[in-house]
Amino acid sequence: MAPILEAKNISKHFRGLKALVDYSLKLEKNVIDGLIGPNGAGKTTVFNVLTSIYLPSGGSIWLDGQEITGLNPDRVASRGIARTFQNLRLFNELTVIDNVLIGSQMHKQYNLFSTIACLPSFFKSERALREKAMGFLEVMGLAGEAGQAAGNLSYGDQRKLEIARALATEPKVLLLDEPA
């Protein structure tokens with residue numbers, strides 16, 4: 001079986017610092033893997049390279065048999081890699097459900113015209129996205145918090161919200177950077 005995500009001989013250099021040298025990995029579909037190591041070992045750098053936050057200094061990255069090395073981060077996300085961050089990156093002023101809806105926007109089934117013209121396709125797609133978002137909040141135990149501001153959640157619930165938002169992108173691969 002071909003791996004869902006494969007990194008081949010990835011290197012990342014920051015001027016004189018070699019953060020990653022010939023790092024390789026293969027992630028199989030429907031398998032949970034862990035990346036462990038001490039602080040400063042390069043775990044977050046691996047995630048940043050895999051999601052194109054950083055471009056690798058060498059090597060290649062393949063998702064579901066297609067090379068994604070050097071694609072913009074939004075293209076990597078649309079191809080199927082989602083992630084959380086070591087430091088929370090939520091929209092604290094927005095509601096919990098709006099944070100999840102932002103993650104699902106790549107799956108919307110309407111365009112600017114249908115939005116401005118208030119066509120039925122706009123309302124149908126919005127309703128479907130909201131139902132999916134509530135489903136992800138239910139899975140994470142946050143459905144009861146959907147209407148409150150994300151910044152009002154406890155730290156642990158904010159972590160859960162970040163995972164729910166990542167799940168809303170419907171990824172093939174979900175990378176969790178220090179989720180606990």
Side-chain angles (χ1 to χ4, degrees), residues 4-5 12 19 25 27 29-54 61 63 68 71-112 114-115 118 121-180:
I4 188 75
L5 180 65
K12 180 59 187 169
L25 75 89
L27 298 180
K29 192 173 187 174
N30 299 320
V31 174
I32 297 174
D33 285 307
L35 179 60
I36 60 173
N39 289 341
K43 300 177 300 292
T44 297
T45 301
V46 168
F47 281 21
N48 287 338
V49 170
L50 292 175
T51 58
S52 283
I53 302 294
Y54 297 156
I61 303 163
L63 177 66
I68 61 168
L71 292 180
N72 287 333
D74 63 313
R75 303 268 304 163
V76 171
S78 69
R79 296 270 177 102
I81 298 180
R83 67 159 311 168
T84 62
F85 291 87
Q86 186 174 6
N87 299 313
L88 291 170
R89 296 196 181 177
L90 295 173
F91 299 97
N92 289 325
E93 305 80 26
L94 296 181
T95 64
V96 168
I97 195 163
D98 285 339
N99 269 270
V100 178
L101 286 168
I102 287 169
S104 67
Q105 286 304 299
M106 68 178 64
H107 302 293
K108 66 182 182 183
Q109 299 294 315
Y110 55 85
N111 57 31
L112 181 60
S114 64
T115 304
C118 296
S121 60
F122 166 76
F123 293 107
K124 181 180 176 183
S125 183
E126 278 292 299
R127 190 170 34 257
L129 290 176
R130 187 166 288 278
E131 287 172 9
K132 277 188 172 182
M134 282 304 296
F136 292 121
L137 290 175
E138 286 175 19
V139 166
M140 300 307 297
L142 295 173
E145 313 298 334
Q148 82 165 282
N152 292 339
L153 296 176
S154 69
Y155 182 78
D157 283 347
Q158 287 182 0
R159 278 277 175 213
K160 290 180 190 178
L161 176 56
E162 196 172 43
I163 293 169
R165 185 179 59 197
L167 288 171
T169 68
E170 299 178 28
K172 296 175 183 177
V173 175
L174 177 59
L175 303 172
L176 304 174
D177 196 350
E178 297 196 25

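Throughout, residue positions are numbered sequentially from 1 according to the sequence presented.
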Point to revise | Residues in ring-ring contact (aromatic ring centres under 6.0 Å, His included) contact with Phe85, at least two apart in sequence or another chain | key: none
Study note, to complete from the structure: So side-chain hydrogen bond (donor to acceptor under 3.5 Å, both in side chains) across residues 72-82, not counting sequence neighbours, yields none
Results of side chain to side chain donor-acceptor pair (under 3.5 Å) for [X] - residues two or more places apart only:
| X | answer |
| --- | --- |
| Gln158 | none |
| Asp98 | Thr95 |
| Glu178 | Gln86 |
| Lys29 | none |

For [X], side-chain contact (heavy atoms from CB on, under 4.5 Å) partners two or more places apart:
| X | result |
| --- | --- |
| Ala164 | Val100, Phe136, Leu137, Met140 |
| Thr51 | Ile53, Ile81, Arg83, Leu175 |
| Asp33 | Leu27, Val31 |
| Ala82 | Ala166, Thr169, Pro171, Leu174 |

Study note, to complete from the structure: On a heavy-atom basis, the closest approach of Leu94 and Ile102 is CD1-CD1, 3.5 Å
Interatomic spacing from [atom1] in [X] to [atom2] in [Y] - rounded to 0.5 Å:
| X | Y | atom1 | atom2 | answer |
| --- | --- | --- | --- | --- |
| Glu162 | Leu153 | CD | CG | 12.0 Å |
| Leu167 | Ser104 | CG | OG | 12.0 Å |
| Leu88 | Leu161 | CG | CG | 9.0 Å |
| Leu71 | Ser52 | CG | OG | 6.0 Å |

Check your understanding: Could you walk me through whether Asn30 and Ile4 pass the side-chain contact (heavy atoms from CB on, under 4.5 Å) check?
Key -> CA-CA 9 Å; Asn30 299 320; Ile4 188 75; over 6 Å; no
Point to revise | Phe47 and Lys43: CA distance, side-chain angles, deciding distance, side-chain contact (heavy atoms from CB on, under 4.5 Å) verdict | key: CA-CA 7 Å; Phe47 281 21; Lys43 300 177 300 292; 5.9 Å; no
Show me, pair by pair, the donor-acceptor contacts under 3.5 angstrom made by side chains of residues 34-41, not counting sequence neighbours?
none

Exercise for review: Using salt bridge (Lys or Arg N to Asp or Glu O under 4.0 Å) as the criterion, list what pairs up with Lys160, not counting sequence neighbours.
Suggested key: Asp157
Exercise for review: Go through the side-chain N and O atoms of Asp177 and Thr44 and say whether any donor and acceptor fall under 3.5 Å apart.
Suggested key: yes
Review point. Is there a donor-acceptor contact under 3.5 Å from the side chain of Asn99 to the main chain of Leu90?
Key: no
